[in-house]
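The next block holds one structure in the form of structure tokens; read it before the comments.
Side chains are part of it too, since the values below use all heavy atoms of this structure and drop only hydrogens, waters and symmetry mates.
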Amino acid sequence: KMSKTTSRVAPPARRAAAGKGVVGKEDPEVEREFRAAVDFITNGPKSGDAPKLEISDAQRLKFYGLFKQSTEGVNKTKQPGALQLVNRAKWNSWNALGNKSKDDARREYVSALTSLQSNWRALSGFTPANNNSTNTNKSGGIPLINRSTPSKPT
């Protein structure tokens with residue numbers, strides 16, 4: 001016979017709402033900047049004369065946890081055994097982020113990199129989308145469409 005004692009679990013929508021922004025539309029610009037930051041940490045600066053960023057083990061673990069949270073979301077994996085020191089340290093770093101949203105983790109990743117290397121964007125060649133030549137109106141930053149020249153069918 002099965003026991004009648006069952007744990008009560010909130011419906012998925014309620015669990016997600018309690019996750020402090022876990023559910024919702026992700027910001028593509030935050031994603032783009034995050035990807036550039038990951039590339040910078042992984043491959044170093046685009047400029048050949050700048051040295052690759054040196055990161056301590058503690059910083060590396062922080063970046064690992066933020067990366068996992070940014071790409072996979074909340075840690076739902078089983079904790080590695082106590083003798084698996086490296087895997088357990090990685091798991092702890094990721095798990096410590098709790099219900100932080102993917103975008104918040106991405107922002108924190110970029111912020112952590114910026115605190116270590118304030119000019120990483122210039123060294124990586126990253127240009128924020130709001131620095132492009134798109135015209136915007138003054139009432140809300142909505143891109144304007146230039147209709148002065150009609151497009152010709154090709």
Side-chain angles (χ1 to χ4, degrees), residues 5-144:
T5 331
T6 58
S7 61
R8 300 191 91 200
V9 178
R14 193 175 301 148
R15 282 195 311 261
K20 300 177 188 172
V22 171
V23 171
K25 190 170 182 171
E26 295 174 6
D27 186 340
E29 181 59 18
V30 171
E31 167 76 13
R32 197 171 79 79
E33 187 175 31
F34 166 71
R35 291 291 172 192
V38 169
D39 183 60
F40 183 83
I41 288 177
T42 305
N43 302 316
K46 300 269 187 237
S47 169
D49 58 343
K52 190 169 179 179
L53 183 64
E54 295 295 325
I55 302 173
S56 72
D57 287 343
Q59 291 165 329
R60 193 172 309 281
L61 279 172
K62 179 178 181 173
F63 281 117
Y64 174 85
L66 290 167
F67 176 83
K68 293 293 276 185
Q69 191 83 2
S70 298
T71 57
E72 296 184 32
V74 175
N75 183 356
K76 295 177 183 170
T77 63
K78 185 178 175 186
Q79 183 180 33
L83 297 178
Q84 295 179 331
L85 300 176
V86 172
N87 289 337
R88 191 168 185 138
K90 288 177 171 182
W91 186 91
N92 287 337
S93 177
W94 180 15
N95 196 59
L97 297 171
N99 288 327
K100 185 180 293 268
S101 73
K102 287 182 175 183
D103 271 355
D104 286 347
R106 290 175 184 135
R107 286 183 190 97
E108 191 173 333
Y109 189 101
V110 169
S111 178
L113 174 56
T114 303
S115 70
L116 292 175
Q117 181 83 44
S118 60
N119 63 340
W120 75 267
R121 290 174 184 87
L123 292 173
S124 70
F126 176 78
T127 306
N130 60 1
N131 282 0
N132 64 18
S133 59
T134 303
N135 288 331
T136 56
N137 67 20
K138 294 180 183 179
S139 66
I142 300 169
L144 299 175

Plane angle bin for F40 and W120 - parallel if under 30°, tilted between 30 and 60°, otherwise perpendicular: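 Correct class here is tilted.
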With rounding to the nearest 0.5 Å, note down the distance linking [atom1] in [X] to [atom2] in [Y].
{"X": "I41", "Y": "F63", "atom1": "CD1", "atom2": "CZ", "answer": "3.5 Å"}
{"X": "L116", "Y": "E54", "atom1": "CG", "atom2": "CD", "answer": "11.5 Å"}
{"X": "Q79", "Y": "Q84", "atom1": "CD", "atom2": "CD", "answer": "10.0 Å"}
{"X": "N95", "Y": "T77", "atom1": "CG", "atom2": "OG1", "answer": "7.5 Å"}

Mark yes or no for whether S118, through its side chain, and T114, through its backbone, hold a donor-acceptor pair below 3.5 Å.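 No, because the side chain of S118 does not come within donor-acceptor range (under 3.5 Å) of the backbone of T114.
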Any donor and acceptor pair, going by atom type alone, linking the side chain of S93 with main-chain N or O of A89 inside 3.5 Å?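 No: the side chain of S93 does not pair with the backbone of A89.
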Is any side-chain N of the basic residue among K46 and D39 closer than 4.0 Å to the acidic one's carboxylate O?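 Judged by the 4.0 Å cut-off on N to carboxylate O distance, K46 and D39 do form a salt bridge.
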Would K102 and E31 pass as an ion pair if we require N to O under 4.0 Å?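 Salt bridge between K102 and E31, a charged N being under 4.0 Å from a carboxylate O: no.
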Heavy-atom side-chain contact between [X] and [Y] under 4.5 Å:
{"X": "Y109", "Y": "V38", "result": "yes"}
{"X": "F34", "Y": "T71", "result": "yes"}
{"X": "E33", "Y": "P128", "result": "no"}
{"X": "N75", "Y": "K68", "result": "no"}

Between Q59 and D57: side-chain donor-acceptor atoms closer than 3.5 Å: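 No, no side-chain donor-acceptor pair sits under 3.5 Å.
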Determine, stepwise, if the pair S111 / E108 fulfils side-chain hydrogen bond (donor to acceptor under 3.5 Å, both in side chains). CA-CA 5 Å; S111 178; E108 191 173 333; over 6 Å; no
Given the rule in the side-chain hydrogen bond (donor to acceptor under 3.5 Å, both in side chains) test, do D103 and S101 qualify, once you have shown the distances and angles that lead to the verdict? CA-CA 5 Å; D103 271 355; S101 73; over 6 Å; no
Could you check R107, R32, R106 and say which one makes a salt bridge (Lys or Arg N to Asp or Glu O under 4.0 Å) with E26?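 The single option meeting the salt bridge (Lys or Arg N to Asp or Glu O under 4.0 Å) with E26 is R106.
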